[in-house]
Q: 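What follows is a structure written as structure tokens; I'll ask about it next.
Predicted model, so just to flag it, every value in this text is computed and none were measured. Excluded from the calculations below are hydrogen atoms, water molecules and symmetry mates; all remaining heavy atoms, backbone and side chain alike, are included. Counting convention: from 1, in listed order, for ligands and their atoms alike.
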Amino acid sequence: MFIIGELINGMYNNIGKAIKEKDKDIIQKCALAQINAGADALDINCGPASRQPHLDIQWLVETIQEVTDKPLVLDSSKPEVIEAGLKVIKNKVIINSTTADSEKLEKLVPLAKQYQGKLIALTTSTKGIPQNKEQRLELAAQIVAYCAEVGFNLLDLYLDPVVLPVNVAQAQQKDILESIHEFKIISEPSPKTILGLSNVSQGTKVRSLINRTFLVMAVALGLDAAILDPLDKELMDAVITAELILNKQIYCDSYLEAYRKK
Ligand code: THG
């Protein structure tokens, strides 16, 4: 499982404040803590309060690149903000995200190619978030068709079914999970799959348990990558164990420690 740390997001009060005050130390410590906990890459999102997201994302990228060469995930719904971030990228990059809308695909797929990056695509469109797995699959197929047409490597494409909070969209959860499996059979080679895990538990009282349970089910359906809180140790242990059960890790009595040392 490719783990993307979610914590450098202006939505969190401490990070929002650090971005505003240009406090490098807070950001760099947050980056290193996530990597030490097992993150393979770091999501970077200026948050909704940023007044100048173009400059903030550049400052975040430069600040984080001072302490790590792990891949960075540029997270914005505005292609211009992602483009600004790309201008200062030295590490490997993942663009987060396009949707199925042609305007976004036409802008972001060429940028992903130009920067030899990977691309996350949400199976949403200007018509909104799909209400069932058939609609998700239809949007996924449109995204895959566009990428295939312009020669974007499907192995660098991560499809995201868009996880919704279980307290407001309980009837959607099964379809979201099953989409992970269905996305895999759209094309050969298969696109990869990803999700933003913490969305599922927003506004609930037992966040960690809901996150953990959802993630184990998603891993069983073939999930390749997740944006999550790597400091949640029980969550990380559950992923490693789910992969062990699926024969993706070799068993030994100390398999948790063995995995962590990798
Ligand atoms: N898919 C993709 N990218 C994404 C998402 C996705 N990026 C953003 C988001 N979803 C994933 N990251 C987060 C980060 C934080 C939270 C949820 C998802 C979160 N934050 C607390 C909250 O809202 O309750 C903040 C609490 C606080 O202020 O401390 O839950 O789905 N491709």
Side-chain angles (χ1 to χ4, degrees), residues 1-20 26-27 30-31 33-34 39-50 53 57 60 71-79 81-82 85 93-101 104-105 108 112 117-125 128-130 136 139-140 143 156-169 172-173 175-177 179-180 183 191-212 214-215 218 223-232 235:
M1 173 75 53
F2 189 75
I3 303 284
I4 301 171
E6 74 178 6
L7 295 176
I8 301 180
N9 189 318
M11 166 204 290
Y12 290 105
N13 288 336
N14 63 331
I15 300 296
K17 187 159 170 272
I19 295 172
K20 210 166 161 196
I26 301 246
I27 301 295
C30 182
Q34 294 184 86
D40 300 302
L42 300 173
D43 193 71
I44 301 178
N45 185 319
C46 304
S50 171
I57 201 165
L60 282 169
L72 302 183
V73 182
L74 302 181
D75 185 355
S76 173
S77 56
K78 300 194 183 87
V81 174
I82 290 173
V93 70
I94 302 169
I95 290 177
N96 185 16
S97 51
T98 181
T99 61
D101 296 305
K104 277 207 168 172
L105 285 167
L108 291 168
K118 300 183 194 300
L119 176 66
I120 298 172
L122 308 179
T123 55
T124 60
S125 71
I129 296 181
R136 286 190 172 82
L139 293 172
I143 294 162
D156 291 333
L157 177 66
Y158 286 80
L159 293 176
D160 182 337
V162 187
V163 174
L164 302 169
V166 69
N167 63 351
V168 295
Q172 285 278 323
Q173 302 303 322
D175 273 19
I176 293 170
L177 283 166
S179 297
I180 295 165
F183 289 171
K192 296 205 168 82
T193 55
I194 188 167
L195 44 79
L197 181 66
S198 301
N199 301 8
V200 74
S201 63
Q202 268 174 329
T204 70
K205 289 248 158 73
V206 283
R207 295 202 65 169
S208 177
L209 178 63
I210 293 174
N211 290 342
R212 188 157 77 235
F214 189 91
L215 188 59
L223 186 71
D224 295 295
I227 303 169
L228 52 73
D229 176 4
L231 304 188
D232 182 341
L235 178 64

Q: With respect to Q202, determine whether any N or O atom, backbone or side chain, lies less than 3.5 Å from an N or O atom of ligand 1.
A: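 It does: an N or O of Q202 is found under 3.5 Å from an N or O of ligand 1.
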Q: Give the numbers and elements of all ligand 1 atoms closer than 4.0 Å to a heavy atom of I120.
A: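 Answer, ordered by atom number: 32 (N).
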Q: What about D160: any of its N or O atoms under 3.5 Å from an N or O on ligand 1?
A: yes
Q: Please report the interatomic distance CD1(I4) to CG(L42), rounded to the nearest 0.5 Å.
A: 9.5 Å
Q: Considering only heavy atoms, does R207 approach ligand 1 within less than 4.0 Å through its side chain, its backbone, both, or neither?
A: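 Near ligand 1, R207 shows its side chain, while the N, CA, C and O stay back.
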Q: Can a donor-acceptor pair be found, under 3.5 Å and without considering hydrogens, that links the side chain of T123 to the backbone of D160?
A: yes
Q: Let me confirm one number: the CD1-CD1 distance from I27 to I44, rounded to the nearest 0.5 Å.
A: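 Reported value, rounded in 0.5 Å steps: 9.0 Å.
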Q: Give me the residue, atom name and distance of the protein heavy atom closest to atom 17 (C) of ligand 1.
A: S198 CB, 3.4 Å
Q: Give the residue, atom name and distance (to 0.1 Å) of the protein heavy atom nearest atom 16 (C) of ligand 1.
A: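 Protein heavy atom at minimum distance: M11 SD, 3.6 Å.
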Q: What residue and heavy atom of the protein are closest to atom 13 (C) of ligand 1, and at what distance?
A: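 It is E6 OE1, 3.5 Å.
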Q: Within a distance under 4.0 Å of any heavy atom of N199, pick out the atoms of ligand 1 and give their elements.
A: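 The atoms of ligand 1 under 4.0 Å from a heavy atom of N199 are 6 (C), 9 (C), 10 (N), 11 (C), 18 (C), 31 (O).
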Q: Is there at least one pair of N or O atoms, one from N96 and one from ligand 1, spaced under 3.5 Å apart?
A: yes
Q: What pair of heavy atoms forms the shortest contact from I19 to G10, and how long is it?
A: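 Result for this residue pair: CD1-CA, 4.0 Å.
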Q: Below 4.0 angstrom, N of the basic side chain to O of the carboxylate: do K118 and D156 qualify?
A: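 Yes, K118 and D156 are salt-bridged.
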Q: Give the minimum heavy-atom separation between F214 and L197, together with the two atoms involved.
A: CD2-CD1, 3.7 Å
Q: Around atom 15 (C) of ligand 1, find the nearest protein heavy atom and jot down its residue, atom name and distance.
A: Y12 OH, 3.2 Å
Q: Please state which option from D75, L122, V73 has its nearest heavy atom closest to atom 8 (C) of ligand 1.
A: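 Among D75, L122, V73, the closest heavy atom to atom 8 (C) of ligand 1 belongs to D75.
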Q: I need the minimum non-hydrogen distance between P230 and E6, along with the two atoms involved.
A: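 For P230 versus E6, the nearest heavy atoms are CD-N, 4.3 Å.
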Q: Would you please test T204 and N167 for side-chain hydrogen bond (donor to acceptor under 3.5 Å, both in side chains) and show each step?
A: CA-CA 7 Å; T204 70; N167 63 351; over 6 Å; no
Q: If we set the cut-off at 4.0 Å for heavy atoms, which region of L197 has an atom near ligand 1: side chain, backbone, both, or neither?
A: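 Contact part for L197 vs ligand 1: neither.
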